[in-house]
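To start, the structure under review is shown below, and the notes come after it.
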2 protein chains.
Amino acid sequence: MKDVNVADEVLRSAVALFAAQGYANTSVQQIVEAAGVTKGAMYHYFESKDDLLFAIYDRMLTLQQSHLDEIIARGGGTVDTVQAACEDVIATSIDFLPEGTVFFRSLHMLSAPRQQEVTRRRRVYNDAFSALIEQGQAEGAFRTDIPRPVLIAHFFSDLHYLSHWFSPEGPEGRDVVAAQLTELYLTSLRSPDAD
Amino acid sequence: MKDVNVADEVLRSAVALFAAQGYANTSVQQIVEAAGVTKGAMYHYFESKDDLLFAIYDRMLTLQQSHLDEIIARGGGTVDTVQAACEDVIATSIDFLPEGTVFFRSLHMLSAPRQQEVTRRRRVYNDAFSALIEQGQAEGAFRTDIPRPVLIAHFFSDLHYLSHWFSPEGPEGRDVVAAQLTELYLTSLRSPDAD
DNA sequence: CGATGCATACCGTCTGGTCGGTATGAACCT
DNA sequence: AGGTTCATACCGACCAGACGGTATGCATCG
């Protein structure tokens, strides 16, 4: 009955601790204590500490991918699509702040082959976003005087930095901040000589 | 004669290793081996591993502060000042990419009191930048419909993310990227109804 | 000769991971 | 239905090694 529950609880605790203290600085003991289980139980579900970290990455990557797929499937007008995508992605990033922290900070702690897999799947995500913008450029809605990789990085930087300043207890709510950051980004992205 | 040299070499190696593998995942052994000295030598100059990390932070904070002081001292027209400041800060961040990586990632590894000091000095830096923008807002050059903390975060996010995508071997040089990111930021920052 | 600048050997602690064992319960045989 | 078997879920004591840090010793220099 606790079958899934234990693994889930361990993952939950691991995310919180990794985000707060970093992967290398968090011991397996701490994790299992926080999860209220024993080390034996944990090692029954995960092969190693590395395995545990990868499970977190896998979850996030899957979530990210399905999320973007859905957005693209919605399709429609390009500029509006990009705007909706940005707001959506930012809002989701806020919902998963601790996961995001781990996601961005702990790549180099993974074993080499897993690092490669994560990088590969991340690139897929990146490319999908890049394609959205390229489409907008083709329609003349987005500026083309700045290399697309820079435009992409300029957006992802906002996601990445969220955990360093955004607080759920802060004055602005999730959706407000998502809208504000999107507004800033789209303003800089729009073609100067658009309609 | 090697007085300063040893401590310097150790710091250099530490920055490179901390940036590449993280603080907690880097052993003192690795650092001294990379620096070509012994552990005894290192502990002659630094009290602890924590001390070593703090020395890196101290260097960066000092550099940052003097840098911003200089920019502000230059003064002049607000919008141009902000633009120059942005380009300058981004370019400098590129020059110190590994240091920046450590600077952003390893705060929570410092001992509590030192963490506070770093946070305090960081806030000073932040506030100075915020004041620059406030001035621009007062002159009607910058938008006021979005909270200033969000505007600030939107800028610092670019700095923070640099180490995740910028490569000195990439197609664009340091100054070009600095100019492009500044252009993007200032476009989103400018008041919609400016001259 | 004392102080500085190191080298070397060593220590206690904590880490990720292992391993023998047990409780539980479903499946199967008779 | 009662007994046997077997897999799964889990426990908790334990280990080898790596870690940060220290103590001691020695060479050099002023």
Side-chain angles (χ1 to χ4, degrees), chain A residues 1-58 102 105-115, chain B residues 1-58 102 105-115:
Chain A
M1 195 47 56
K2 290 189 174 179
D3 201 14
V4 185
N5 228 321
V6 169
D8 246 31
E9 206 59 46
V10 168
L11 274 178
R12 209 184 308 279
S13 302
V15 166
L17 286 167
F18 288 166
Q21 322 176 348
Y23 173 79
N25 203 34
T26 302
S27 71
V28 177
Q29 276 295 343
Q30 285 181 282
I31 296 171
V32 298
E33 272 169 27
V37 301
T38 62
K39 209 147 63 146
M42 192 220 108
Y43 273 97
H44 177 73
Y45 289 99
F46 301 96
E47 278 187 12
S48 60
K49 199 187 172 189
D50 184 84
D51 206 46
L52 184 56
L53 179 60
F54 182 70
I56 297 173
Y57 271 88
D58 188 53
V102 176
R105 271 207 217 134
S106 310
L107 223 202
H108 46 92
M109 300 295 183
L110 280 172
S111 65
R114 284 174 159 174
Q115 233 176 95
Chain B
M1 192 49 52
K2 290 188 174 179
D3 202 14
V4 185
N5 226 322
V6 169
D8 245 31
E9 206 60 45
V10 168
L11 274 178
R12 208 185 308 280
S13 301
V15 167
L17 286 168
F18 289 167
Q21 323 176 349
Y23 173 80
N25 203 35
T26 302
S27 72
V28 176
Q29 277 295 344
Q30 287 181 282
I31 296 172
V32 298
E33 273 170 27
V37 301
T38 62
K39 211 151 61 149
M42 192 220 108
Y43 274 98
H44 178 72
Y45 290 99
F46 301 95
E47 277 187 13
S48 60
K49 197 186 172 190
D50 185 83
D51 206 44
L52 184 56
L53 179 60
F54 182 70
I56 297 174
Y57 271 88
D58 187 53
V102 177
R105 270 207 219 133
S106 311
L107 224 202
H108 46 93
M109 300 295 182
L110 280 173
S111 65
R114 287 176 156 172
Q115 230 176 97

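Predicted, not measured: the structure shown is a model, and the values here were computed from it. Note: hydrogens, waters and symmetry copies are ignored here, and every other heavy atom, side chains too, is used. Chain identifiers are assigned alphabetically (A, B, ...) following the order of the sequence lines, protein sequences preceding nucleic acid strands; residue numbering begins at 1 within each chain.
Distance B:Phe46 CZ to D:dT22 C1': 18 Å, rounded to the nearest Å. For the pair B:Gln29 CD and C:dA9 P, the computed distance is 12 Å after rounding to whole Å. Atoms OH (B:Tyr23) and P (D:dC19) sit 13 Å apart, rounded to a whole Å. Note: CD (A:Glu33) to C1' (C:dT15) measures 13 Å, nearest angstrom. Per the geometry, OH belonging to B:Tyr43 stands 22 Å off P belonging to C:dT4, to the nearest Å. If you measure from atom CG of A:Asp8 to atom P of D:dA9, you get 14 Å, rounded to the nearest angstrom. Look at CZ on B:Phe18: it is 9 Å from P on D:dG20, rounded to the nearest Å. Between B:Met42 atom CE and C:dT8 atom P there is a gap of 17 Å when expressed in whole angstrom units.
Applying the 4.0 Å criterion to OP1 and OP2 of D:dC10, one finds that A:Tyr45 has a side-chain N or O inside that range. Neither OP1 nor OP2 of D:dC10 sits under 4.0 Å from any side-chain N or O of A:His44.
Checking A:Gly40 against A:Gln30, the closest nucleotide of DNA chain C that is more toward the 5' end is the one next to A:Gln30.
Listed nucleotides D:dC10, D:dC19, D:dG21 differ in distance to B:Ser48; the shortest reach to its side chain belongs to D:dG21. When each of D:dG12, C:dC6, D:dG21 is scored by its nearest atom to the side-chain atoms of B:Lys39, the top-ranked nucleotide is D:dG21. For A:Lys49, taking side-chain heavy atoms from C-beta onward, the closest of the listed nucleotides C:dG16, D:dG12, C:dC6 is C:dG16.
The backbone N or O of B:Leu107 sits less than 3.5 Å from a side-chain atom of B:Tyr57, completing a donor-acceptor pair. A donor-acceptor pair is defined here as one N or O able to donate and one able to accept, closer than 3.5 Å; no such pair exists between the side chain of B:Glu9 and the backbone of B:Ala35.
For the pair B:Arg114 and B:Asp58, the salt-bridge criterion is not met [side-chain N within less than 4.0 Å of a carboxylate O].
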Go through A:Gln29 and A:Val32 one step at a time and tell me if the side chain to side chain contact (heavy atoms under 4.5 Å, CB included) criterion holds. CA-CA 5 Å; A:Gln29 276 295 343; A:Val32 298; 4.2 Å; yes

Does the side chain to side chain contact (heavy atoms under 4.5 Å, CB included) test come out yes or no for B:Leu52 and B:Ile31, once each step is laid out? CA-CA 11 Å; B:Leu52 184 56; B:Ile31 296 172; 3.9 Å; yes

